[in-house]
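Report on the structure given below.
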Amino acid sequence: MVMATAACVGFSVPASAAFPERAVRIIVPFAPGGGTDLISRLLGDGMSRELGQPVIVENKPGAGTTIGSEDVARSKPDGYTLLMATFAHAINPSLRTNMPYDTDKAFAPVILVGHSPSVLVVRPDSPFKSVQDVIEAAKKDPGKVTYASQGVGTSAHLAGELLEKLGKVDMSHIPYRGAGPALNDLLGGHVDMMFGTAAAVGSSLQAGTLRALAVTTAERSPALPDLPTIAEEGLDAYVLDSWYGLYVPAGTPPEVIARLNKAATAAAQSDAFTSKVQHEGLMVTPGTPEDLDKYVTQEQSRWADVVASSNITLN
């Protein structure tokens, strides 16, 4: 990913020493009420205190996050419009042939807020007690093991594709229009398993209506410390993070980006933020804009291989 800065001739705008002088917007490319919305609002509250101006969250869902992202890409590069990007930001260039913007050129990174796991879950009466049980069953009966997702190209879908690729098995993907319907059909016995966020499946795990097998992150989750990672279960290279990163339009002055990074870092490290995102399983990892740029570049390359080998496309 090419990290755009004020050095990009023709895109930069004069920076104000008093930035910010008015409210800042964070565009969330998802509907209200989800994990990304919650994290954005909590972070925005903390950033508002640091910046001395309101930080307003606006939800602009649709088209696999590209509607909200395009709004930011076309905004004035002055630091007043930010994008809360997620897993989809790194995946869309590989999935979609008609992107309305060039992901590598349209945005400048601000900060990688943190990572959270997805959780592989089954019903309590499932014969699968481990990831290896799933792999063995899929090898025995190719295509018979089913997994639900909230749609084609989502993190839950690609989590299953990665399991198939590394486990060298064939499973059947059953896409739904959202995590809720997918979860309902899992609970109803219509599919065998699902990769869900900690927020989406947490209440079901606590109630005992679902049983967790493993988490998708490289390390165990502080929110679910007793659960092994899928890598620990025998697939050494398996890693899938749900992540949250702030971007601004390309050409935003570097001093404005630095100011936003400083405010977001303080907000993400505050007790008010960390105490409320624990149930999301969020591991807070604020750093430099370069850290986000490097991380997402690696994610784009890694998932492009999975998408290509799985022949997944979205138009």
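Keep in mind that what you see is a predicted model, and the values were worked out from it rather than measured.
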What residues, two or more places apart in sequence or in another chain, satisfy salt bridge (charged side-chain N to carboxylate O under 4.0 Å, His left out) together with [X]?
| X | result |
| --- | --- |
| Glu232 | Arg220 |
| Arg302 | Glu299 |
| Asp271 | none |
| Lys165 | none |

Can you measure from [atom1] ([X]) to [atom2] ([Y]) and round to the nearest 0.5 angstrom?
| X | Y | atom1 | atom2 | answer |
| --- | --- | --- | --- | --- |
| Tyr244 | Leu38 | OH | CG | 8.5 Å |
| Trp303 | Ile312 | CH2 | CD1 | 9.5 Å |
| Ile111 | Tyr247 | CD1 | OH | 12.0 Å |

- Think Arg22 forms a cation-pi with Tyr80, using NZ or CZ under 6.0 Å from the six-ring centre and within 45 degrees of its axis?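 Yes, a cation-pi geometry holds between Arg22 and Tyr80.
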Taking side-chain hydrogen bond (donor to acceptor under 3.5 Å, both in side chains) as the definition, give me every residue that meets it alongside [X], ordered by chain and number, with sequence neighbours left out.
| X | answer |
| --- | --- |
| Asp170 | none |
| Thr154 | none |
| Asn261 | none |
| Asn59 | Asp37, Arg41 |

Where [X] and [Y] come nearest, the two heavy atoms and their spacing:
| X | Y | answer |
| --- | --- | --- |
| Pro124 | Gly208 | CG-O, 3.1 Å |
| Ala198 | Gly281 | CB-N, 4.4 Å |
| Val113 | Ala268 | CG1-CB, 4.4 Å |
| Ala138 | Val169 | CB-CB, 3.7 Å |
| Ser270 | Ala267 | OG-O, 2.7 Å |
| Ser149 | Ala182 | O-CB, 3.6 Å |

Measuring only between side-chain heavy atoms, which start at C-beta, is [X] closer than 4.5 Å to [Y]?
| X | Y | value |
| --- | --- | --- |
| Leu246 | Leu43 | yes |
| Val24 | Met47 | no |
| Leu213 | Glu233 | no |

- Item | Asp241 side chain to Thr217 side chain, donor-acceptor N/O pair below 3.5 angstrom | no
Looking at [Y], is its backbone amide N or carbonyl O close enough to the side chain of [X] to form a donor-acceptor pair, meaning the two atoms are under 3.5 Å apart?
| X | Y | value |
| --- | --- | --- |
| Thr81 | Val72 | no |
| Thr252 | Pro249 | yes |
| Asn92 | Met99 | no |

Under 4.5 Å between side-chain heavy atoms, hopping through other hydrophobics if needed: is there a path connecting [X] to [Y]?
| X | Y | value |
| --- | --- | --- |
| Met283 | Leu112 | no |
| Ile26 | Ile67 | no |
| Val307 | Val239 | no |

- Message: I'd like to know whether CD of Gln132 has more than 12 heavy-atom contacts from other residues, nucleotides or ligands below 6.0 angstrom.
- Response: yes
- Message: Surrounding NZ of Lys129 (heavy atoms of other residues, nucleotides or ligands, distance under 6.0 Å), is the total greater than 12?
- Response: yes
- Message: Using the rule given for side chain to side chain contact (heavy atoms under 4.5 Å, CB included), can you reason through Met84 versus Thr36, listing the C-alpha separation, both sets of side-chain angles and the distance that settles it, and then say yes or no?
- Response: CA-CA 8 Å; Met84 181 60 83; Thr36 306; 3.8 Å; yes
- When clusters are formed from ILVMFWY side-chain contacts under 4.5 Å, directly or step by step, what else is grouped with Val191?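 Hydrophobic cluster check, Val191: joined to Val119, Val121, Ile174, Tyr176, Leu183, Leu186, Leu187, Met194, Val201, Leu205, Leu210, Val215, Leu224, Leu227.
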- Item | Co-members of Ile56 in a cluster of I, L, V, M, F, W and Y side chains, linked at under 4.5 Å | none
- With Tyr238, which residues qualify under ring pair (Phe, Tyr, Trp, His ring centres under 6.0 Å), at least two apart? none
- Item | CA sep, side-chain torsions, deciding dist, call: Arg25, Asp71, salt bridge (charged side-chain N to carboxylate O under 4.0 Å, His left out) | CA-CA 11 Å; Arg25 296 188 303 156; Asp71 180 271; 3.6 Å; yes
Identify each donor-acceptor pair in which a side-chain atom of residues 155-164 lies under 3.5 Å from a protein atom, sequence neighbours left out, and give them as a table.
| residue | atom | partner | partner atom | Å |
| --- | --- | --- | --- | --- |
| His157 | ND1 | Gly153 | N | 2.9 |
| His157 | NE2 | Glu161 | OE2 | 3.0 |
| His157 | NE2 | His173 | ND1 | 3.4 |
| Glu161 | OE1 | Ser310 | OG | 3.0 |
| Glu164 | OE1 | Met171 | N | 2.9 |
| Glu164 | OE2 | Tyr147 | OH | 3.4 |

